[in-house]
Amino acid sequence: MSQNNRGDGNRSARERLQQQRERDKARDRQRRVLIVSSAVVGVLALAAVVGVIAANADKGGGSDKAGPVVAPTGSVEGDTPAIPTGRPDAPATLQIWEDFRCPACAQFENVMRNSIHELEASGQLRTEYHLATLIDGNMGGSGSLRAANAAACAQDAGKFTPYHDALYINQPQETDDSFGDDKKLIELAAKVPGLDTPAFRSCVEDGTHDSWVVKSNEAFQKGGFRGTPTVLLNGESIFPTKGNEQLSPENLKKWVTEANKGKKPGTASPPAG
C-alpha cells in the first residue's frame, strides 16, 4: 500500500470517528432535553395532585385576629383581591391562586418563574396573585397567613416579586410551620435588597394585612376552585393542562403568544415590586 493510500485511510478513519462522536453528542443532548422535559412535566403533574388533595382536605384556615381590612399598596380589590405584577396594559392576564406553605405551589413557581418574568418584562403578560391559606386549615399553624401578610407588606415596600420568589425558594416542608414565625419571615427579607426596614418589620409583626389575606382566602373558597395552585390564562384553566397540552415554560409562552395575536404588548410602567 502506498504512503498516500495509508494517509487517506487514516483520514477516513478519523473522519468516521469524529462523525460518530458528533452523533453520540447529539444523542446525549437529545436525551438531556427529554430528561429535563419529563422532569418538568412530572413536577407539574405531581403539583396538580398535591393541590387537589390540599383543597379537598381544607378546613378553611383563617386568623384569630380581628381587624379592619387594610389592602396592600396597588392591590386589585373587589370580590377577588390580588397583588398585580407586570405591565397593567399587557394584553394577557394570568391569575394564580396560591399558598406559600403549599409544596405544589412551590413546584409550580420554581419551574415557571423565569418564563412568567420574561413574559411580564416583554409586556405580553400581567399576573394577579391571589393569596390563600389552605395549608393552615389542613395542617394547623399560621404559616400560610403569616407569609401572605409578609408578602403584602413587601408589596407596600415595592418588593413583592423578589420577596414572593424568596419565600418559595426557601419554603419549608409542608408540616414545618416555620413561616408562622415572624422572625423567619424577616430573616428572609434580608435576601431582598432594601426590604428589611423598620416599616416592613412593623407591618409583619403587627399583621397589618391579615384581614385582607383572610378576605382573599374567602374569595378562593367561594370561587369553587379545586386546589392550589389554580392557574388561569385569560380566565381559562391551564394547570396542569390546557386542552391536551401539558403546562410547561415553553407551552405557556406559546399560549400567551396565541392569545395575544394581533394585539400590542403593554407599555405602561409596571407597579413597583
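Hydrogens, waters and symmetry mates are skipped; everything else that's a heavy atom, side chains included, is used. Residue numbers start at 1 and run along the sequence shown. As the structure is a prediction and not an experimental result, all values here were calculated from the model.
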In sequence, state the C-alpha distance, the side-chain angles, and the governing distance for Gln107 and Met112, and then conclude on side chain to side chain contact (heavy atoms under 4.5 Å, CB included).
CA-CA 9 Å; Gln107 291 166 348; Met112 303 299 298; over 6 Å; no
Going through the checks in order, is the side chain to side chain contact (heavy atoms under 4.5 Å, CB included) test met by Thr133 and Glu218?
CA-CA 9 Å; Thr133 59; Glu218 289 172 350; over 6 Å; no
Applying side chain to side chain contact (heavy atoms under 4.5 Å, CB included) to Thr257 and Lys261, what does each step give before you reach the verdict?
CA-CA 6 Å; Thr257 298; Lys261 187 175 182 180; over 6 Å; no
Checking salt bridge (charged side-chain N to carboxylate O under 4.0 Å, His left out) for the pair Asp177/Arg101: CA distance, chi angles, key distance, verdict?
CA-CA 8 Å; Asp177 192 36; Arg101 282 183 73 187; 3.4 Å; yes
Step by step, would you call Ile96 with Phe108 a side chain to side chain contact (heavy atoms under 4.5 Å, CB included)?
CA-CA 10 Å; Ile96 302 175; Phe108 166 78; 3.9 Å; yes
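In this structure a side-chain-to-backbone donor-acceptor pair under 3.5 Å is missing from Glu128 to Leu94. Between the Arg87 side chain and the Ala268 main chain, a donor and an acceptor come within less than 3.5 Å of each other. Formation of a donor-acceptor pair under 3.5 Å by the Ser216 side chain with backbone atoms of Leu131 is found in this model. With hydrogens and angles ignored, the 3.5 Å screen pairs a side-chain donor or acceptor of Asn251 with a backbone N or O of Gln246. Under a 3.5 Å cut-off, the side chain of Ser202 and the backbone N or O of Ala199 do not form any donor-acceptor pair. No donor-acceptor pair under 3.5 Å is formed between the side chain of Asp196 and the backbone N or O of Ala190. Lys159 contributes a side-chain N or O that, together with a main-chain N or O of Pro193, makes up a donor-acceptor pair within less than 3.5 Å. A distance-only check finds no donor-acceptor pair linking the side chain of Ser75 to the backbone of Ala71 [under 3.5 Å]. At distances below 3.5 Å, not a single donor-acceptor pair connects side-chain atoms of Asn149 with backbone N or O atoms of Leu145. In terms of modelled atom types and a separation under 3.5 Å, the side chain of Gln171 and the main chain of Cys102 share a donor-acceptor contact.
Contact annotation: the side chain of Glu118 never approaches that of Gln124 to less than 4.5 Å [non-hydrogen atoms, C-beta and beyond]. Residues Thr93 and Leu125 are not in side-chain contact: their nearest non-hydrogen atoms beyond the backbone lie 4.5 Å or more apart. The closest side-chain heavy-atom distance from Leu232 to Phe239 is not below 4.5 Å. Considering only heavy atoms from C-beta on, Arg126 stays 4.5 Å or farther from Asp89 through its side chain. Trp97 places none of its side-chain heavy atoms less than 4.5 Å from the side chain of Asn217. Looking at Leu247 and Thr241, their side chains never come closer than 4.5 Å, going by heavy atoms from C-beta outward. You'll find the side chain of Trp212 reaches within 4.5 Å of the side chain of Pro81, heavy atoms only. Contact annotation: the side chain of Thr230 approaches that of Phe220 to within less than 4.5 Å [non-hydrogen atoms, C-beta and beyond].
Under the side chain to side chain contact (heavy atoms under 4.5 Å, CB included) test applied with Val256, the options Asn234, Ile238, Leu233 reduce to a single match, Leu233. Between Pro162 and the choices Leu195, Leu167, Val192, the side chain to side chain contact (heavy atoms under 4.5 Å, CB included) rule is met once, by Val192.
Annotation: side chain to side chain donor-acceptor pair (under 3.5 Å) contacts of Glu187 (sequence neighbours excluded): none. For Thr127, the side chain to side chain donor-acceptor pair (under 3.5 Å) partners are Glu120, not counting sequence neighbours. Remark: Lys183 pairs with no residue by the salt bridge (charged side-chain N to carboxylate O under 4.0 Å, His left out) rule, at least two apart or across chains. Checked against side chain to side chain donor-acceptor pair (under 3.5 Å), Asn110 has the following partners two or more places apart in sequence or in another chain: Arg113. Every residue two or more places apart in sequence or in another chain was checked for a salt bridge (charged side-chain N to carboxylate O under 4.0 Å, His left out) with Asp181, and none qualifies. Residues passing the side chain to side chain donor-acceptor pair (under 3.5 Å) test with Asp99 are Ser144, sequence neighbours excluded.
Classification of the His164-Phe100 ring pair by plane angle, with boundaries at 30° and 60°, yields perpendicular. Taking the six-membered ring for Trp and thresholds of 30 and 60 degrees, Phe200 and Tyr163 have ring planes more than 60 degrees apart, a perpendicular arrangement. Between Tyr129 and Phe160, the ring planes are tilted. Angles from 30° to 60° get that label.
Side chains of Ser142 and Asp136: a donor-acceptor N/O pair is absent below 3.5 angstrom, by distance only. Between His209 and Asp156, the side chains place a donor N or O and an acceptor N or O closer than 3.5 Å (distance only, hydrogens not considered). Judged by distance alone, the side chains of Trp255 and Glu245 do bring a donor and an acceptor atom under 3.5 Å apart.
Residues Pro265 and Ser122 approach most closely at CB-O, 3.6 Å, considering heavy atoms. The two residues Thr73 and Gln155 have their closest heavy-atom pair at O-NE2, 2.7 Å. Residues Pro91 and Gly266 share a closest heavy-atom pair of CD-N, 3.9 Å.
Under a cut-off of 6.0 angstrom, the local environment of NZ in Lys242 is crowded, with over 12 non-hydrogen atoms contributed by other residues, nucleotides or ligands. The environment of Gln173 atom CD is sparse: at most 12 non-hydrogen atoms of other residues, nucleotides or ligands sit within 6.0 angstrom.
The pair Arg146-Asp210 meets the salt-bridge criterion, with a side-chain N (NZ, NE, NH1 or NH2) lying under 4.0 Å from an Asp/Glu carboxylate O.
The cluster map of Ile, Leu, Val, Met, Phe, Trp and Tyr, joined by side-chain heavy atoms under 4.5 Å apart, puts Leu252 and Val111 in the same cluster.
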